[in-house]
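The structure appears below as structure tokens.
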2 protein chains.
Amino acid sequence: MTTVRRRAPARPRRPYHHGDLPRAMVQEAVRTIQEHGIPALTLRGVGAQLGVSRTALYRHFTDKQALLGAVAAEGFRLLSAALVAARDGAGGGRPGFEAMGTAYVRFALEHPSHYRVMFGGVVRSGDLKQLSVPKVDVDAFQVLVDAIVELQQKHLIVPGEPRELALYIWAVVHGVAMLALDGMLPPQVPADALMALANERIRSGIAVSPAAIAGRREPR
Amino acid sequence: MTTVRRRAPARPRRPYHHGDLPRAMVQEAVRTIQEHGIPALTLRGVGAQLGVSRTALYRHFTDKQALLGAVAAEGFRLLSAALVAARDGAGGGRPGFEAMGTAYVRFALEHPSHYRVMFGGVVRSGDLKQLSVPKVDVDAFQVLVDAIVELQQKHLIVPGEPRELALYIWAVVHGVAMLALDGMLPPQVPADALMALANERIRSGIAVSPAAIAGRREPR
DNA sequence: ACCTGAACACCGTTCAAGT
DNA sequence: ACCTGAACACCGTTCAAGT
């Protein structure tokens, strides 16, 4: 690992008080991760950027982990807001459902730092549950479950335990998002194209005919 | 981040030569990550565990990154082997295809350290291409593409660019694997149960009827 | 192809003492 | 609710000099 240098030209330091240091710390953490990646995130660096002593940070977050947890929590809040907005913007129903998938992937691409912290194995899932905002990671998932229940009531999608179906859908969009973030997608297939294809396949599957689906015939 | 202590009781150190130090380093790295997570991986620690000086490691890997890259490469090799074995074990065709999905998720759960390094954003995808084993990350993907081409030729799955379809399938299994590794699955829905459900949905989709799929009717 | 030992520029975290 | 300054126990990486 090459030693990272980030001795930024520290901003003019106002003496005492900072308005909202916790908030500023989260913002600075996100910015640092955006530009240099998670390993480059350093409490000392955050302090320097904010013109605040390193020890001051411990007034607001007990840990580096706690700071990362706050980033994750903010991410989950932004994510569920984005999902709700997409669903309502498309007027609910099946269009709303597909818009949520697209919005999910878009969120990951537009907030890669948040997303990486949320799902990169950096924050232990246990830590997340103890954040000030309760059940923050459940909210985004609940939006998805609600949408599925709605479509099931309209008989637009198959019956079955909505939470299990939601986990499946989550896996698809999460997979698309992660592959995109990791640069695994070839240039000919950008993330939104893959998500469009995925929406099509989520809807109708890949089997070639209903007969084949039910296994009533065994072609060839 | 709590300071990690790993001063293990260094093994009896044979003077000089180690048989296969590079291989031993990769093994030790995997073991460390397994037990203490990626952040706890330390070149100094690896050296200590192997009874070898820290500087000796640089004879074989230019970097900590390079060591992680070797872990990723080994993971991709193991993964494609597991996929091929699963496919052949199920006799190819659609059963083979679904067995691959199950095997993929199982691989991630059985080799979480490899998998996390492969897809955790730790190894830059560029680095992977310059490893001694060429196109190592492409192989596993190619196994999937081949399976899709086979099923398309038998008219068992829909036509279309096989590589795009393969990316979709990859996203699904990758998503299931990541959610499972991150502890996002509720205890009532273990990874293999979710993957079984996913196989069903991959096949037949979630839309309630062919008419609804084609959008020829607009129920309710 | 390995070793020792020293060094450099970093980390997270804690403490004592201030305003 | 912030500050300074010192300290402790770590890092990755490099270098010089050996066998």
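We name chains A, B, ... by the order of the sequence lines, and we start the count at 1 in each one.
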Practice problem: May I ask you to verify if any side-chain N or O of B:Thr42 is less than 4.0 angstrom from the OP1 or OP2 atom of D:dG12? | Solution: yes
Quiz prompt | Nearest-neighbour nucleotide for the A:Val52 side chain, D:dC2, D:dC11, D:dT4 considered | solution = D:dC2
Quiz item: With both distances kept under 3.5 Å, what pairs with D:dC11, Watson-Crick or G-U wobble?
Solution: none
Quiz item: Whole Å only: how far is the CG atom of A:Leu50 from the P atom of D:dC2?
Solution: 11 Å
Quiz item: Charged N to carboxylate O below 4.0 Å: is that the case for B:Arg77 and B:Glu74?
Solution: no
Quiz item: Can a donor-acceptor pair under 3.5 Å be found between the side-chain atoms of B:Arg54 and the base atoms of D:dG12?
Solution: no
Self-check item: Shortest side-chain distance from A:Arg44, nucleotide among C:dC2, C:dC11, D:dG5
Solution: C:dC11
Exercise. Can you label the angle between the B:Tyr104 ring and the B:Tyr115 ring as parallel, tilted or perpendicular, going by 30° and 60°?
Key: perpendicular
Quiz item: Do NZ/NE/NH1/NH2 and the carboxylate oxygens of B:Glu28 and B:Arg31 come within less than 4.0 Å?
Solution: yes
Exercise. Using whole Å, report how far CZ of A:Arg59 lies from P of C:dT19.
Key: 16 Å
Exercise. Report the nucleotide, chosen from C:dC2, C:dG12, D:dT14, that has the shortest atom-to-atom distance to any side-chain atom of A:Lys64.
Key: C:dG12
Practice problem: Using the C1' atoms only, state how far D:dC10 lies from C:dC8, rounded to an integer number of Å. | Solution: 15 Å
Exercise. Only one of B:Phe119, B:Tyr168, B:Phe107 passes ring pair (Phe, Tyr, Trp, His ring centres under 6.0 Å) with B:His174; say which it is.
Key: B:Phe119
Practice problem: Specify the separation, in whole Å, of atom CG of A:Leu21 and atom C1' of D:dC2. | Solution: 9 Å
Quiz item: Of the nucleotides C:dT4, C:dC2, D:dC3, which one has an atom closest to the side chain of A:Ser53?
Solution: D:dC3
Quiz prompt | Derivation and outcome, side-chain contact (heavy atoms from CB on, under 4.5 Å), residues B:Arg116 and B:Ile33 | solution = CA-CA 9 Å; B:Arg116 272 252 141 76; B:Ile33 295 173; 5.6 Å; no
Exercise. Write down the distance between CE (B:Met25) and P (D:dG12), rounded to a whole number of angstrom.
Key: 11 Å
Quiz item: Rounded to whole angstroms, how far apart are CZ on A:Phe61 and P on D:dC2?
Solution: 11 Å
Practice problem: Grab the CG-P distance between B:Leu57 and C:dC3 for me, whole Å please. | Solution: 8 Å
Exercise. Between D:dC2 and C:dA17, how far apart are the P atoms? Round to whole Å, please.
Key: 22 Å
Self-check item: Candidate nucleotides D:dT14, C:dC15, D:dC2, ranked by approach to the side chain of A:Thr55 - the nearest
Solution: C:dC15
Self-check item: Pairing nucleotide - C:dT4, Watson-Crick or G-U, each distance under 3.5 Å
Solution: D:dA16
Quiz prompt | Most 5' of A:His60 and B:Leu43 on DNA chain D, judged by nearest nucleotide | solution = A:His60
